[in-house]
Protein chains: 2
Amino acid sequence: MTDSEVVELLRAHGIRPSAHRVAVASCVLGNDTHPSAETVLRKARERLPVISRATVYNTLNLLNEKGLLRQHPFGAGTVFDSNVSRHHHLIDEETGEMRDIPWEKLSVSGLESIKDAEITDYMIVIRGRFKKRRA
Amino acid sequence: MTDSEVVELLRAHGIRPSAHRVAVASCVLGNDTHPSAETVLRKARERLPVISRATVYNTLNLLNEKGLLRQHPFGAGTVFDSNVSRHHHLIDEETGEMRDIPWEKLSVSGLESIKDAEITDYMIVIRGRFKKRRA
DNA sequence: TCCCAAAACTGGACATAGTCTAGCTCGCAT
DNA sequence: ATGCGAGCTAGACTATGTCCAGTTTTGGGA
Ligand SMILES: [Mn+2]
Ligand SMILES: [Mn+2]
Ligand SMILES: [Zn+2]
Ligand SMILES: [Zn+2]
């Protein structure tokens with residue numbers, strides 16, 4: 001994702017695209033990795049060595065509030081996910097690495113039997129061992 | 001679960017049932033709550049006011065290693081789960097409270113299409129709002 | 001019963017992840 | 001040029017969890 005695409009995306013969501021925000025957003029938007037906040041901090045500093053930890057957390061939280069990101073507490077600690085459409089997750093038990101599984105690839109039945117809650121979202125979380133690098 | 005049942009369970013899993021361990025284990029085994037380590041510490045101190053934080057964490061980790069507990073990083077922070085058979089989870093988005101969903105109540109199809117990992121376990125994680133207290 | 005080594009337990013230091021704040025800086029409108 | 005609000009910063013602070021060195025408890029053997 002180019003910088004100007006990131007800028008457009010931020011503007012479209014009502015976020016002023018400061019240089020720092022673009023640096024942070026570029027590290028996580030438009031790819032299917034699931035980086036931790038500390039990973040984003042390290043990558044952002046490659047571009048912008050002076051950026052502070054607070055700005056990285058502020059920006060990630062802002063992107064989350066505006067719906068450009070999700071945050072997941074499983075995997076290798078808490079990680080961010082720029083894929084905001086519904087999907088499932090596969091997690092390597094040894095490394096904590098997370099991979100996406102397309103929504104249509106799996107399906108759940110029996111949800112209608114859950115009567116004691118209003119369901120807003122759900123996800124299948126699979127644990128196992130990755131066989132090889134993704135193609 | 002009575003104290004002597006807890007003692008038996010610990011012995012059966014090769015854990016020496018010291019008074020402290022029994023106090024910790026009683027707080028979490030044999031019920032379907034999903035307490036955090038800090039919650040267990042507070043409850044254990046009601047029984048045994050002198051118990052240290054380190055002992056609570058040591059004991060919870062030991063119970064986990066010996067297969068008497070599981071640990072889940074979603075819900076209200078990291079919580080412990082004495083239900084070690086397969087089941088799914090429903091989480092209240094406001095409070096983080098977790099409830100169990102019996103394995104047979106839901107089912108997943110399409111798992112055989114996952115080729116790039118050896119699956120060891122999976123679970124459906126549902127988020128929503130609880131309607132009322134459990135019956 | 002007494003003794004001792006091993007196991008268990010302790011407080012506190014340390015580590016990591018994340019939040020918050022007070023002050024500074026930057027960019028933009030006038 | 002000046003003023004103002006948004007953004008950024010370092011560092012203090014909180015929460016959660018691990019680690020360690022020293023002490024206490026325990027239970028089996030003499
Ligand atoms: Mn969101
Ligand atoms: Mn286990
Ligand atoms: Zn994802
Ligand atoms: Zn459970």
Side-chain angles (χ1 to χ4, degrees), chain A residues 3 6-7 10-11 13-28 34-66 68-81 95-96 98, chain B residues 6-7 10-11 13-28 34-45 47-66 68-81 95-96 98:
Chain A
D3 274 19
V6 171
V7 167
L10 296 186
R11 283 219 179 88
H13 286 76
I15 300 171
R16 291 220 302 201
S18 72
H20 291 198
R21 285 172 176 170
V22 172
V24 171
S26 300
C27 295
V28 50
H34 297 89
S36 68
E38 294 298 317
T39 299
V40 173
L41 175 59
R42 260 182 281 109
K43 285 179 63 183
R45 277 187 169 155
E46 290 172 12
R47 266 188 70 156
L48 206 71
V50 299
I51 198 170
S52 78
R53 170 186 308 270
T55 295
V56 170
Y57 276 92
N58 286 343
T59 302
L60 291 171
N61 289 336
L62 182 63
L63 295 176
N64 182 34
E65 281 166 26
K66 299 295 187 178
L68 287 164
L69 284 182
R70 289 200 185 155
Q71 205 172 354
H72 301 299
F74 34 84
T78 293
V79 299
F80 294 88
D81 188 345
T95 64
M98 268 177 64
Chain B
V6 171
V7 168
L10 296 187
R11 283 219 179 88
H13 285 77
I15 301 172
R16 290 219 302 199
S18 72
H20 290 199
R21 285 171 175 170
V22 173
V24 170
S26 300
C27 295
V28 50
H34 297 89
S36 68
E38 293 298 316
T39 299
V40 172
L41 175 58
R42 262 182 280 109
K43 285 179 64 184
R45 278 187 169 156
R47 265 187 73 155
L48 206 70
V50 298
I51 198 171
S52 78
R53 170 186 308 270
T55 295
V56 170
Y57 276 93
N58 286 343
T59 302
L60 290 171
N61 289 337
L62 181 63
L63 296 175
N64 182 33
E65 282 165 27
K66 299 295 188 179
L68 286 164
L69 284 182
R70 290 202 183 151
Q71 206 172 353
H72 301 300
F74 34 83
T78 293
V79 299
F80 294 88
D81 189 344
T95 65
M98 268 176 63

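Projected onto DNA chain D by closest heavy-atom contact, B:A37 and B:R16 fall at different nucleotides, the more 5' of which corresponds to B:A37.
Side-chain N or O atoms of B:N64 include none that pairs as donor or acceptor with a backbone N or O of B:L60 at under 3.5 Å. For A:R21 (side chain) and A:R16 (main-chain N/O), a donor-acceptor pair under 3.5 Å exists by modelled atom type.
Separating the CG atom of B:N61 from the C1' atom of D:dT18 is a distance of 9 Å, rounded to the nearest angstrom. One can place CD1 of A:I51 at 6 Å from P of D:dT9, the figure rounded to the nearest angstrom. Distance B:L62 CG to C:dA8 P: 8 Å, rounded to the nearest Å. Counting to the nearest Å, the C1' atom of D:dT18 and the CG atom of B:N64 are 15 Å from each other. Between the P atom of C:dG18 and the OH atom of A:Y57 lies a distance of 4 Å, rounded to the nearest Å. In this structure, CD1 of B:I15 is placed 11 Å from P of C:dC9, rounded to the nearest angstrom. The distance between atom CZ of B:R21 and atom P of C:dA7, rounded to the nearest whole Å, is 11 Å. Between B:L60 atom CG and D:dT16 atom P the separation is 14 Å, expressed in whole Å.
Listed nucleotides D:dT9, C:dA17, C:dC9 differ in distance to A:H20; the shortest reach to its side chain belongs to D:dT9. Of the candidate nucleotides D:dA10, C:dT10, C:dG18, C:dT10 has the atom nearest to the side chain of B:S52. Of all nucleotides listed (C:dC9, C:dG11, C:dC20), C:dC20 comes nearest to the side chain of A:A54.
Put simply, the side chain of A:V22 reaches to within 4.5 Å of the side chain of A:R47, judged on heavy atoms. In this structure, the side chains of B:K66 and B:L10 stay at 4.5 Å or more apart for every pair of heavy atoms.
Within 4.0 Å (heavy atoms only), B:S18 reaches sugar-phosphate atoms of the nucleic acid but no base atom. At the heavy-atom level, B:T78 lies under 4.0 Å from the strands shown only through sugar-phosphate atoms.
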* Is there a side-chain contact (heavy atoms from CB on, under 4.5 Å) between B:I15 and B:L68 once you walk through the steps? -> CA-CA 11 Å; B:I15 301 172; B:L68 286 164; 3.9 Å; yes

